[in-house]
*Asks:* 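My structure is below; once you've seen it, I'll send some questions.
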Amino acid sequence: MDRMPASIFNDVIGPVMRGPSSSHVAGAARIAAIVRQSVGGAPMRAVVDFDVNGSLAASHDGHGTDMGFVCGMLGKEITEPDVDRYARLAEAAGVEIEFRILDYGAEHPNNYRIEVWGRGGEHHRWEGISVGGGMIEMRRYDGFDISLCGDFYEVLVKLPHGGAAAMKSSRAVAGSAPDFAQVLESGGGSLLSLKYSKAPEPEALRVAAAEHGALDFVLIAPMLPTLSRADCAVPFSTAGEMRASHEGRGLAMWELAAEYEAARGGTAKEDVLEKMRGLVSIMEGALKEGLAGTEYTDRILGPQAYLIEAACKEGALIPCDILNNVIKSVTAIMETKSAMGVVVAAPTAGSCGCLLGTLLGAGFALGKSREEITRAMLAAGLVGIFIAEGATFAAEVGGCQVECGAGSGMAAAGLVQLMGGSAERCIDAASMALQNITGLACDPVANRVEVPCLGKNVMGGSNAVASANMALAGYDKVIPLDETIAAMYDVGLKLPLELRCTFGGLGKSPTALRLLEKMKNR
């Protein structure tokens, strides 16, 4: 089965969550939710291994991986207010979860190797990765190579050798009309993997599995906002293809985004708009919470967003009202995130201040309506699609240029849309913004997504404003967006491991090491 096209609501704008990092918190929660379903509910015990050479070995506690995984195992949504009490909640539920750091040669920096025991004697081994922005892929299940991303209803049936092929040909499977059916063989037997875009009726499948000598039967429900299907097709997947599709039609960037997502999700354009309106409402809530002031013990920085407005009133700042409002708004959203408030990870939680703060801050300062901001967010989301298809949103893979940098490129396109600029100008602004941040390292201080993350989010917003104005004025971007994305990804893959969200750069400074000890002792 080929990889499904990216979705604005799966891969780019979302998930809605609490916590410092979407890769670590939301990704871990989704991986755990799949593992939980395989044992029929909260397990008795689970052992989670992180590779010593990956990013999770150093950051799984400070970046919220442990919290996300435990909550997923407990069936707890990561928007609930008490998710940071995960250890006590697991103890109260009688769920034992052990995290280990081992050298097992994982190929991906965000690799999870999991062994789980259910309360009814179930036992499974899983391996999965968090690929950025909360998206995941389960790659191994009880010795079989699989691909499970949470966008289908999944049926996994373990059978003796030859049993999977026989069951696939059975009347029960044919009658259930799976979107995809795959037979896998290993030394331990065979596996039939069935994917459905609509919930199947499991009883007939269970009967057929038993008739073919099934050793195990697992049904996994999807968890992504936009499901996939066999005939899933999109009108374009690159900026170049969008240009060709757009030629002579005169559509705005937000209209092209709605057209894309409607095709991807098999829904109407108005449904796409309505879903984005709901997310914008949550974004506004995060902004208001941050502006009101937040308190949370386990963080480095206290509330600072109010300082911009106070200094403006005193005439102490360089006059640039729009930019100062963006700085204030970016800071407020980052403070909500760091205080465990509800945010929309867009494109990631660590970079959500850049995109959300820029479009909301500029939009409100310009007197734009919520509908105009919603359309700007759709335009930004479409640039995110091009990045998702051509690169990654995981700083562990490509450095902060694919998080705050990507958010900056998306925000630049959104700002052009906000000002009524054309789709051409939107993608030109995105290209210029991304060109300006190539090579940006990810070097969090004290294992927290706060420093220098706040400054990089603010920088991304400032860069977006400048790039949008350059594009609106007619500046020549020189390098097309698709080529810029490819170059950014190439640079990211060549960054040393220490500069890709592990423990390098500013994170190795003497002050950072002292802060790390201080945070550990709290």
*Asks:* Any side-chain to backbone donor/acceptor pair from E335 onto A305? Under 3.5 Å, distance only.
*Replies:* yes

*Asks:* Does M519 have more than 12 heavy atoms from other residues, nucleotides or ligands lying within 6.0 Å of its CE?
*Replies:* yes

*Asks:* Step by step, work out the salt bridge (Lys or Arg N to Asp or Glu O under 4.0 Å) result for R18 and D84.
*Replies:* CA-CA 9 Å; R18 295 180 192 265; D84 56 345; over 6 Å; no

*Asks:* Does the distance from a Lys or Arg side-chain N to an Asp or Glu carboxylate O, for R370 and E284, drop under 4.0 Å?
*Replies:* yes

*Asks:* Strictly distance-based, threshold 3.5 Å: is any side-chain N or O of E289 a donor or acceptor partner for the main-chain N or O of G341?
*Replies:*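 No, E289 side chain to G341 backbone: no donor-acceptor pair under 3.5 Å.
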
*Asks:* Counting only heavy atoms not in E270, do more than 12 sit closer than 6.0 Å to its CD atom?
*Replies:* yes

*Asks:* Consider ring-ring contact (aromatic ring centres under 6.0 Å, His included). Of F99, W126, F50, which one does Y112 pass it with?
*Replies:*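 Exactly one option meets the ring-ring contact (aromatic ring centres under 6.0 Å, His included) with Y112, and it is F50.
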
*Asks:* Between R277 and E371, is the closest basic N to carboxylate O distance under 4.0 Å?
*Replies:*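 Looking at R277 together with E371, the answer is yes, because their closest N to O distance falls below 4.0 Å.
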
*Asks:* How would you list, by chain and number, every residue that makes a side-chain contact (heavy atoms from CB on, under 4.5 Å) with L493, sequence neighbours excluded?
*Replies:* V397, Y489

*Asks:* Heavy-atom count around E98 CD within 6.0 Å, excluding the residue itself: above 12?
*Replies:* yes

*Asks:* Would you say CD of E80 has more than 12 non-hydrogen atoms from neighbouring residues, nucleotides or ligands within 6.0 angstrom?
*Replies:* yes

*Asks:* With sequence neighbours left out, which residue pairs that include part of residues 15-39 fulfil the ring pair (Phe, Tyr, Trp, His ring centres under 6.0 Å) condition?
*Replies:* H24-H63

*Asks:* Is it true that, when you exclude D321 itself, more than 12 heavy atoms of the residues, nucleotides or ligands shown sit nearer than 6.0 Å to its CG?
*Replies:* no

*Asks:* Test M276 against E261 for side-chain contact (heavy atoms from CB on, under 4.5 Å), laying out the working first.
*Replies:* CA-CA 11 Å; M276 187 60 82; E261 189 64 18; over 6 Å; no

